[in-house]
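Step one of this worksheet: look at the structure below.
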Amino acid sequence: MERTKIYKALKASSGEKITVCGWVRSFRANRFIALNDGSCLSSLQVVIDFENTEQQLLDTISVGASISVSGEMVESQGSGQKIELQAHTINVIGTANPEEVQKTILQPKKHNLETLREQAHLRFRTNLFGAVFRIRHHMSFAVHNYFNQKGYFYIHTPIITGSDAEGAGEMFKVTTVDNAQKKYNPEEDFFGKQTHLTVSGQLEAELAALALSQVYTFGPTFRAENSNTTRHLAEFWMIEPEIAFADLKDNIDLAEDFLKYLVNYALTNCMEDLLFLNERDEKEDLQRPKNLRSELNLIDRLRFVVDNEFIKITYSEAIDILINSKPNKKKKFKYLVEWGIDLQSEHEKYLVEKHFKKPVVIFDYPKGVKAFYMRENSDDKTVAAMDVLFPGIGEIVGGSQREERHDVLLKKCKEFGIPQEHVWWYLETRKFGTVPHAGFGLGFERLIMFVTGMQNIRDVIPFPRTPKNAEF
């Protein structure tokens with residue numbers, strides 16, 4: 001008999017004969033098995049005729065074991081489920097020693113997140129991480145679905161690169177040269193030059209956009225920042241669309257439409273998992289001090305994005321609002337507010353959650369706090385950059401109109417100390433049919449944090465890479 005996924009079994013009609021496989025979540029009274037195969041949050045109740053089942057078989061069915069069950073779906077006589085599987089035959093595929101299970105997160109009780117991270121090889125089997133990673137899958141699919149429907153082409157940009165797109169300098173070196181060697185000779189290295197793991201696929205995506213008009217990347221990026229905060233990873237995933245014949249307004253419109261599509265996709269396709277995470281979010285919120293509690297629960301925050309038009313303000317307008325705000329006047333902000341600063345998360349939080357109570361797009365930033373490739377505005381003070389701010393997350397998207405003028409880009413390279421020979425190919429695209437173009441980056445893990453309500457970025461990627469941690 002063909003195997004049925006549990007999410008389908010739960011929708012089956014009484015009388016249907018099926019075979020299911022999964023892992024035992026609980027086994028009560030030698031009769032009731034909660035079986036889960038990861039295809040959905042809910043487990044299927046399997047009922048055993050224990051009086052006519054060999055004791056040896058019953059003894060090998062334990063929490064964590066994998067089994068296959070064939071039987072008939074019947075209406076449930078007990079509470080908690082509408083339908084259950086009356087087992088006719090059971091095969092134990094893989095046993096699990098109960099004493100060993102007691103030492104792991106497979107034991108059916110609440111575990112703290114740090115313990116779950118330490119057993120990341122098993123945390124997929126918990127309700128919490130099953131929900132998180134199913135949603136991560138759906139969001140990945142939605143990203144590709146959106147761009148495919150809009151006529152974008154998916155570009156694979158290099159993971160090993162000789163350029164630093166962000167100018168951050170915090171990059172992992174890729175080399176075959178013995179680190180103990182006193183003097184580094186690029187000619188002896190594998191690529192004949194210094195190379196690193198990429199922090200962004202943007203520069204290469206621009207090259208493709210200047211031929212294919214609309215492209216996007218979706219791949220791993222790396223940052224060697226020695227940070228152990230809840231918002232930083234050394235390895236993370238970025239979505240980076242680039243559009244030719246487009247200006248900053250087009251870029252902002254794309255970001256808003258894209259984000260609304262993704263959040264709406266989650267609300268439409270992940271509701272069982274979202275309801276579970278919403279309940280968890282509300283319980284977690286009650287444990288926080290009153291001043292740190294959210295005014296909206298998880299699902300309300302998602303609808304907040306879908307249902308509201310994003311507020312668009314200039315950086316200068318944002319600074320004026322912050323300067324005149326009560327927290328600033330009462331010196332509640334930790335960081336000084338003045339024109340020219342890079343906005344901090346506390347400033348972003350105030351604008352989104354207190355002042356506007358809507359998602360906010362800030363644009364036209366001071367050129368001193370942004371990258372060399374962003375288009376200079378006519379005021380000679382700002383660049384055509386934009387950030388999208390969400391409740392609870394702060395900046396979720398950062399982008400800009402790119403500098404398409406060859407002479408201005410040359411000047412910017414000098415100002416930023418970027419040798420022309422490092423980006424000669426990037427500069428050359430501005431010499432052959434240059435056009436206005438724009439793009440942005442969406443940190444995928446930031447998106448998953450927002451959609452799931454998880455507070456730590458390490459809990460939305462299967463195997464987090466952080467300082468002093470590359471386990472699994």
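Counting all heavy atoms, side chain and backbone alike, Thr157 lies closest to Ala205 at CG2-N, 3.9 Å. Shown here for Cys413 and Leu427, the closest heavy-atom pair between the two residues is SG-CD2, 4.3 Å. Residues Ser43 and Arg25 approach most closely at OG-CG, 4.0 Å, considering heavy atoms. The shortest heavy-atom contact between Leu351 and Ala318 is CD1-CB, 4.1 Å. Closest approach of Leu322 to Val337, counting heavy atoms only: CB-CG1, 3.7 Å. Closest approach of Asn308 and Pro359 over heavy atoms only: CB-CD, 4.1 Å.
Residues Tyr265 and Met139 have side chains in contact (heavy-atom distance under 4.5 Å, counting atoms from C-beta outward). When side chains are defined from C-beta on, Tyr426 counts as touching Leu409, because their heavy atoms get closer than 4.5 Å. Contact check for Ile341 versus His347: side-chain heavy atoms found under the 4.5 Å cut-off. Side-chain contact between Leu259 and Leu442: present, with at least one pair of heavy atoms (C-beta onward) separated by less than 4.5 Å. Using a 4.5 Å heavy-atom cutoff, the side chains of Pro436 and Asp247 are not in contact. Side chains of Arg134 and Leu41 form a contact here, defined as non-hydrogen atoms less than 4.5 Å apart. Inter-residue side-chain proximity for Trp425 and Leu207 is flagged as met; some heavy-atom pair is nearer than 4.5 Å. By the 4.5 Å heavy-atom criterion applied to side chains, Leu274 and Ile135 are counted as neighbours.
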Could you check Leu410 against Gln420 for side-chain contact (heavy atoms from CB on, under 4.5 Å), going step by step and ending with a plain yes or no?
CA-CA 8 Å; Leu410 276 175; Gln420 290 182 36; 3.4 Å; yes
Let's go through Glu346 and Lys349 carefully: what are the C-alpha distance in whole Å and the side-chain angles of both, what is the deciding distance for salt bridge (charged side-chain N to carboxylate O under 4.0 Å, His left out) to 0.1 Å, and is it a yes or a no?
CA-CA 5 Å; Glu346 61 179 348; Lys349 184 180 177 71; over 6 Å; no
Could you walk me through whether Arg375 and Glu404 satisfy the salt bridge (charged side-chain N to carboxylate O under 4.0 Å, His left out) test, starting with their C-alpha distance in whole Å, then the side-chain angles of each, then the deciding distance to 0.1 Å, before giving a yes or no?
CA-CA 7 Å; Arg375 195 183 201 276; Glu404 87 281 9; 2.8 Å; yes
Pair Glu353, Arg301 - check salt bridge (charged side-chain N to carboxylate O under 4.0 Å, His left out), show working.
CA-CA 11 Å; Glu353 299 179 23; Arg301 291 198 297 274; over 6 Å; no
Given the rule in the side-chain contact (heavy atoms from CB on, under 4.5 Å) test, do Leu128 and Leu277 qualify, once you have shown the distances and angles that lead to the verdict?
CA-CA 7 Å; Leu128 175 59; Leu277 292 168; 3.6 Å; yes
For a salt bridge (charged side-chain N to carboxylate O under 4.0 Å, His left out) check, start with the C-alpha distance between Asp387 and Lys370, then their side-chain angles and the critical distance, and finish with the verdict.
CA-CA 11 Å; Asp387 289 340; Lys370 292 296 181 182; 3.4 Å; yes
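Under the side-chain hydrogen bond (donor to acceptor under 3.5 Å, both in side chains) rule, Glu376 has a single partner from Gln401, Arg405, Lys411, which is Lys411. Lys150 pairs with exactly one of Ile243, Asn145, Asp257 by the side chain to side chain contact (heavy atoms under 4.5 Å, CB included) rule, that one being Asp257. If you run salt bridge (charged side-chain N to carboxylate O under 4.0 Å, His left out) between Asp459 and each of Arg280, Arg136, Arg117, only Arg117 comes through. Of the candidates Phe153, Tyr154, Phe258, Phe258 is the only one forming a ring pair (Phe, Tyr, Trp, His ring centres under 6.0 Å) with Phe147. The one candidate from Arg402, Gln202, Gln214 that meets the side-chain hydrogen bond (donor to acceptor under 3.5 Å, both in side chains) condition with Glu242 is Arg402.
Classification of the Phe333-Tyr350 ring pair by plane angle, with boundaries at 30° and 60°, yields perpendicular. Ring-plane geometry between Phe450 and Phe390 is classed as tilted, the angle between the planes lying from 30 to 60 degrees on a 0 to 90 degree scale. Using cut-offs of 30° and 60° on the angle between ring planes, the pair Phe444 and Phe218 is perpendicular. Under the 30°/60° scheme for interplanar angles, the aromatic rings of Tyr152 and Tyr216 are found to stand perpendicular.
A salt bridge links Lys367 with Asp380: at least one charged nitrogen is closer than 4.0 Å to a carboxylate oxygen. With respect to the salt-bridge test (charged N to carboxylate O, under 4.0 angstrom), the residues Lys354 and Glu295 qualify. Ion pairing between Asp189 and Lys193 fails under the 4.0 Å rule for side-chain N and carboxylate O.
No side-chain donor from either of Ser325 and Asn328 sits under 3.5 Å from a side-chain acceptor of the other. With 3.5 Å as the limit, one finds a donor-acceptor pair spanning the side chains of His437 and Glu206. A donor atom on one side chain and an acceptor atom on the other are not found under 3.5 Å apart for Thr230 and Gln455. Glu272 and Ser42 are linked by a side-chain donor-acceptor pair at a separation below 3.5 angstrom, with hydrogens and angles left out of the test. Side-chain atoms of Thr382 and Asn377 include a donor-acceptor pair closer than 3.5 Å.
Note that SG of Cys40 is 9.0 Å distant from OH of Tyr7, once rounded to the nearest 0.5 Å. Interatomic distance, Asn456 CG to Thr229 OG1, rounded to the nearest 0.5 Å: 8.0 Å. Atom CG of Leu298 is separated from atom CD of Glu282 by 9.0 Å, given to the nearest 0.5 angstrom.
For His196 (side chain) and Met171 (main-chain N/O), no donor-acceptor pair under 3.5 Å exists by modelled atom type. With hydrogens and angles disregarded, no donor-acceptor distance shorter than 3.5 Å links the side chain of Asn36 to the backbone of Trp23. Side-chain atoms of Lys312 do not come within 3.5 Å of backbone N or O of Val361 as any donor-acceptor pair. Checked by atom type and distance alone, the side chain of Thr198 never pairs as donor or acceptor with a backbone atom of Thr161 at under 3.5 Å. A donor-acceptor pair is defined here as one N or O able to donate and one able to accept, closer than 3.5 Å; such a pair exists between the side chain of Thr195 and the backbone of Val174. A donor-acceptor pair under 3.5 Å links the side-chain atoms of Thr221 to the main chain of Phe236, judged by distance alone. Looking only at distances, a side-chain donor or acceptor of Asp37 sits under 3.5 Å from a matching main-chain atom of Ile6.
The environment of CZ in Phe124 is crowded: more than 12 heavy-atom neighbours from other residues, nucleotides or ligands sit within 6.0 Å. Atom CZ of Arg303 has 12 or fewer heavy atoms from other residues, nucleotides or ligands within 6.0 Å. Under a cut-off of 6.0 angstrom, the local environment of CZ in Phe190 is sparse, with at most 12 non-hydrogen atoms contributed by other residues, nucleotides or ligands. Other residues, nucleotides and ligands place no more than 12 heavy atoms under 6.0 Å from the NZ atom of Lys357.
Taking the six-membered ring where the residue is Trp, the centroids of Phe356 and Phe304 are separated by 6.0 Å or more.
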